[in-house]
Amino acid sequence: MNEKTDLKNLTLPTLELFLKGRGKERFRATQIFKWIFQHDVDTFEEMTNISKELRRELAETACISNLEPETVEQGSDGTRKYLFSLGDGNGVEAVLIPIEGRNTLCISSQAGCAMGCEFCLTGTFKLTRNLTTAEIVNQIMAVERDLVKNPPLLLADPGAAGLIADDSDEGDDDQGGAAGIRNIVMMGMGEPLHNLDNVIPAIQIMIDGNGLQFSNRRVTVSTCGLVPEMERLGREIPNVNLAVSLNATTDELRDRIMPVNRRYPLKELLKACRDFPKPGRRKITFEYVMLGGLNDSLADAKRLLKLISDIPNKVNLIPFNEHEGCDFKSPTQAAIDAFHKYLIDRHVTVITRDSRGGDISAACGQLKGKLEKLESI
Ligand code: SAH
Ligand code: SF4
């Protein structure tokens with residue numbers, strides 16, 4: 001039996017090819033694409049401007065998938081964590097962070113992660129599998145649906161805007177809508193650049209004017225530093241934002257805490273950052289997880305500045321979130337402040353991420369997957 005094609009896996013050009021291959025007019029693709037991604041229908045019956053015959057034919061060969069959150073937890077700060085069951089025993093999480101009515105959604109790209117960073121909980125799960133394009137965009141669509149039903153608290157807390165999204169650029173404040181999701185960051189479970197075959201079409205659907213209609217300035221992909229894949233991403237989607245998890249300022253330490261560094265050491269990684277397309281005044285975000293007593297000294301801050309100073313940059317300091325079975329320590333507040341001040345005083349744009357969602361362990365990079373829990377459902 002032929003498997004039905006899940007149309008949520010298809011970008012608009014691919015949907016056009018899909019229809020063309022079945023002898024249909026190409027313009028139908030735009031209509032169907034809008035029904036799926038803008039009107040969020042899940043049956044072909046609802047596509048009223050499509051002929052009955054085509055609707056019937058589509059229902060035989062294609063389907064429209066959906067994700068429903070298994071659980072939604074809300075933290076005291078308004079952060080919401082969604083746990084999605086993927087139907088095969090795997091689970092992934094997405095985290096919504098409302099900041100003054102501007103919602104940032106952190107989504108997952110893989111179940112588990114193969115990169116094995118020593119400080120990361122997702123890494124300890126190893127890679128179970130890649131998410132499909134549909135599973136990536138369905139996280140966004142499910143959260144949008146939840147936001148309509150349960151509008152989030154509006155928090156007057158600009159300090160928390162640290163979650164990457166660059167709100168400094170003006171002029172498109174309508175994008176994403178105050179009630180809906182404004183920014184997408186691929187900083188949940190998994191290494192997005194280890195799943196580019198599915199992540200690239202997902203981003204194309206996110207930024208398509210006929211699709212989810214996000215401004216490309218509001219979509220950020222975070223990587224641990226897979227150099228060839230950074231090049232591919234830059235070639236295929238040159239206007240997406242890139243965040244790089246640097247986390248160490250010497251190869252010696254980076255080799256130890258991020259195995260990927262043994263393949264692509266700092267020099268190569270920074271060259272790839274330099275070469276990455278940066279349209280307009282776009283900058284690369286360097287994420288820096290501060291590990292108490294390990295990479296949080298002023299000497300580190302100084303080396304960090306030197307490493308990134310010839311790349312348009314901003315820095316996102318993330319105090320390490322302690323978790324069981326991991327010996328690293330959070331930095332002291334004094335170390336965070338001194339590191340932050342060192343960079344600010346030298347005119348670096350720095351944001352220190354607070355531990356949003358701490359009470360529901362929803363902080364990005366802290367996503368648990370709760371695989372055990374899902375298996376028992
Ligand atoms: N794989 C990608 C994106 C997911 S990880 C990447 O590594 O960039 C998202 C961010 O969370 C990364 O910057 C990572 O360094 C950080 N992170 C992982 N575990 C963490 C922890 N326990 N505390 C704080 N940040 C963490
Ligand atoms: Fe994977 Fe990112 Fe965690 Fe490293 S920090 S193990 S790349 S999710």
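All ligand and atom numbering here is 1-based and tracks the order in the structure. Computed from a predicted structure; not experimentally measured.
- Between the choices C106, G190, C113, the shortest heavy-atom distance to atom 1 (N) of ligand 1 belongs to G190.
- Annotation: side chain of I203 is not in contact with side chain of F214 (no heavy-atom distance under 4.5 Å).
- A heavy-atom separation below 4.0 Å is not found between C326 and ligand 1.
- More than 12 non-hydrogen atoms from other residues, nucleotides or ligands lie less than 6.0 angstrom from CG of N150.
- Remark: ligand 2 atoms within the under-4.0 Å shell around heavy atoms of M115 are 1 (Fe), 7 (S).
- Side-chain polar atoms of S65 and D6 form a donor-acceptor pair below 3.5 angstrom.
- Checked options N316, I318, T249; the residue passing with Y288 is T249 (criterion: side chain to side chain contact (heavy atoms under 4.5 Å, CB included)).
- Between T61 and E57 the shortest side-chain heavy-atom distance does not fall below 4.5 Å.
- Summarising the contacts of atom 12 (C) of ligand 1 with S245, P319, S109, the nearest heavy atom is found in S245.
- Nearest-residue assignment for atom 1 (Fe) of ligand 2 (options P192, C113, S108, G225; heavy-atom criterion): C113.
- Of the heavy atoms in E191, both backbone and side-chain atoms come closer than 4.0 Å to ligand 1.
- Every atom of ligand 1 is numbered from 1 in the order shown, and the set under 4.0 Å from a heavy atom of C120 is 18 (C), 19 (N).
- Counting the atoms of ligand 2 from 1 in the order shown, those under 4.0 Å from a heavy atom of C224 are 7 (S).
- Listed by number with element, the atoms of ligand 1 under 4.0 Å from a non-hydrogen atom of C224 are 6 (C), 7 (O), 8 (O).
- Taking a cut-off of under 4.0 Å to the non-hydrogen atoms of E191, the atoms of ligand 2 that pass are 7 (S).
- Among T223, N321, V289, the residue whose heavy atom sits closest to atom 26 (C) of ligand 1 is V289.
- Here the options are V350, T285, L246, V348, the test is side chain to side chain contact (heavy atoms under 4.5 Å, CB included), and the partner is N313; only V348 passes.
- Between R282 and N239, the closest side-chain pair of non-hydrogen atoms falls below 4.5 Å.
- Side chains of N130 and N198: no donor on one and acceptor on the other come within 3.5 Å.
- The single protein non-hydrogen atom nearest to atom 2 (Fe) of ligand 2 is G190 O, 4.5 Å, given as residue, atom name and distance.
- Counting heavy atoms only, N247 comes closest to atom 15 (O) of ligand 1 of the residues L193, T122, L246, N247.
- When only modelled atom types and interatomic distance are considered, N247 and S245 share no side-chain donor-acceptor pair under 3.5 Å.
- What sits closest to atom 4 (Fe) of ligand 2 on the protein, heavy atoms only, is C117 SG, 2.3 Å.
- In this structure, Y82 and F84 have parallel ring planes: the angle between them is below the 30° cut-off, well short of the 60° mark.
- Close approach of ligand 1 to G188 (heavy-atom distance below 4.0 Å) involves ligand atoms 4 (C).
- When each atom of ligand 1 is checked for a heavy atom of H323 under 4.0 Å away, the hits are 22 (N).
- Each of the atoms 3 (Fe), 5 (S), 6 (S), 8 (S) of ligand 2 lies under 4.0 Å from some heavy atom of C120.
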